[in-house]
Amino acid sequence: MKKRTISILFIVFVVCITLVACGKKELPFTHFPENDIIIDYMEEIIQNQEKYEGLYYDYASMRIAGVKSDELEQFITGLTEEALGQFTDNADKHIALKMSLDEYKEEIDEGAKTLVDNYLKYSRLGDKEAREFGLSKELEAQDPIGKVNQYMKDKKIEITEIIFPETFEDVNYDLYPMKYTYRYIIKGTVGKQAFEKEVVQDFYIGVDWSEGMGNIKDIIEYVRDVSK
């Protein structure tokens, strides 16, 4: 009788372990394909955010008042020609955006939300009508939408609904590209199992004026997952 009892307990134990293991399957989009994309200058900005906020401020002071800080001088001296061009282009855009905030902050934020919403609709829902968004040439070259689609195909994920908030959770206007933190909910199925997940991502948004001041476009320059 004892042997039979031990055998039954062992079977129950194995079944419980199996059920627990099955219950711990990873939710869809626990890892985001955009996080696999690495753009060196964006990583430098993100990892040294406070430093770049200060450098953009110092650069604006130099352009407006003609005073160059020691920190800016030292930073610029250490850059390659290509990196210097990238920094000054970003810093000039930062000045233009900061000067526009007093009068056009609402329009800038609305434009950023339209950009992000359309990107998510297009990449997650496959909404072919949501084409009004732009990506930086560096981000576009790494095909974030293709990576998202492949991830969803490999994991048998279908997203059927995205619940968008009314506005962004947080915005950092002192950084360029500006950092917009967005919290939204995705619903869908993985295989035949329904799921719902809250997502928090940082969208780094800037402008492309390479085709002239008369043809400026809002663009997403980087996307990073900050979900907890």
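Only a predicted model underlies this, so the values are computations on that prediction, with no experimental measurement involved.
Rounded to the nearest 0.5 Å, atoms CG (L97) and CG (N90) are 10.5 Å apart. Distance check, rounded to the nearest 0.5 Å: CD1 of I220 to CG of L120 gives 7.5 Å. Interatomic distance, Q201 CD to R224 CZ, rounded to the nearest 0.5 Å: 10.0 Å. Taking OH from Y57 and OG from S69, the interatomic distance works out to 10.5 Å, rounded to the nearest 0.5 Å. Separating the CG atom in N149 from the OH atom in Y122 is a distance of 8.5 Å, to the nearest 0.5 Å. Here the CZ-NZ distance, from R63 to K68, works out to 11.5 Å after rounding to the nearest 0.5 Å.
Contact annotation: the side chain of I185 never approaches that of I162 to less than 4.5 Å [non-hydrogen atoms, C-beta and beyond]. Under the 4.5 Å side-chain criterion, counting only non-hydrogen atoms from C-beta, E158 is not in contact with M152. By the 4.5 Å heavy-atom criterion applied to side chains, L72 and L55 are counted as neighbours. In this structure, P177 and I205 have side chains that are not in contact, with every pair of non-hydrogen atoms separated by 4.5 Å or more. Counting heavy atoms from C-beta on, the side chains of I186 and F29 come closer than 4.5 Å. Counting heavy atoms from C-beta outward, N172 and Q49 have side chains that approach closer than 4.5 Å. Counting only heavy atoms from C-beta outward, the side chains of K105 and I108 never approach each other to under 4.5 Å. Contact annotation: the side chain of K93 approaches that of W209 to within less than 4.5 Å [non-hydrogen atoms, C-beta and beyond].
Annotation: K137, atom NZ; neighbour count of heavy atoms from other residues, nucleotides and ligands within 6.0 Å does not exceed 12. Atom CD of E103 sits in a sparse spot, with 12 or fewer heavy atoms from other residues, nucleotides or ligands closer than 6.0 Å.
Checking side-chain atoms of T80 against main-chain N and O of A83 turns up a donor-acceptor pair under 3.5 Å. Distance alone, capped at 3.5 Å, is enough to place a donor-acceptor pair between the D143 side chain and the G146 backbone. The backbone N or O of A112 sits nowhere less than 3.5 Å from a side-chain atom of D218 that would complete a donor-acceptor pair.
At a threshold of 4.5 Å between side-chain heavy atoms, the hydrophobic network of Ile, Leu, Val, Met, Phe, Trp and Tyr places M213 and I95 in one connected group. Cluster membership check: I219 does not share its hydrophobic cluster with M42, using side-chain heavy-atom separations under 4.5 Å among Ile, Leu, Val, Met, Phe, Trp and Tyr.
Side-chain atoms of H31 and D36 form a donor-acceptor pair, as typed in the model, at a separation below 3.5 Å. Q142 and K147 are not linked by any side-chain donor-acceptor pair at a separation below 3.5 angstrom, with hydrogens and angles left out of the test. The closest side-chain donor-acceptor pair between Y176 and D89, if any, does not fall under 3.5 angstrom. Y182 and K113 form a side-chain donor-acceptor contact under 3.5 Å, judged by distance and modelled atom types alone. Residues D154 and Q150 have side chains that bring a donor and an acceptor to within less than 3.5 angstrom of each other. Between the side chains of E110 and Y104, no donor-acceptor pair of N or O atoms lies under 3.5 Å. Side-chain contact, E138 with Y222: no donor N or O sits under 3.5 Å from an acceptor N or O.
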Steps toward side-chain contact (heavy atoms from CB on, under 4.5 Å) verdict (M178, H94)
CA-CA 8 Å; M178 295 180 292; H94 179 254; 6.0 Å; no
Step by step, work out the side-chain contact (heavy atoms from CB on, under 4.5 Å) result for V148 and R124.
CA-CA 7 Å; V148 171; R124 271 68 172 168; 3.7 Å; yes
Could you walk me through whether F75 and Y52 pass ring-ring contact (aromatic ring centres under 6.0 Å, His included), step by step?
CA-CA 10 Å; F75 175 76; Y52 275 84; 5.8 Å; yes
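Across all their heavy atoms, F168 and D109 have their closest contact at CE1-O, 3.8 Å. Residues I157 and P28 share a closest heavy-atom pair of CD1-CB, 3.6 Å. Closest heavy-atom contact between N35 and I38: O-CD1, 4.4 Å. Residues L125 and E161 share a closest heavy-atom pair of CD2-N, 3.8 Å. Here the closest heavy-atom approach between residue N118 and residue E132 is recorded as ND2-O, 3.1 Å. K187 approaches I163 most closely through the heavy-atom pair CE-CD1, 3.6 Å.
Ring-centre distance between Y180 and F203: not below the 6.0 Å cut-off.
Checked for salt-bridge contact, D174 and K98 meet the test: a charged N lies under 4.0 Å from a carboxylate O.
Between F87 and Y56, the ring planes lie parallel to each other; the angle is under 30°, not in the 30° to 60° tilted range.
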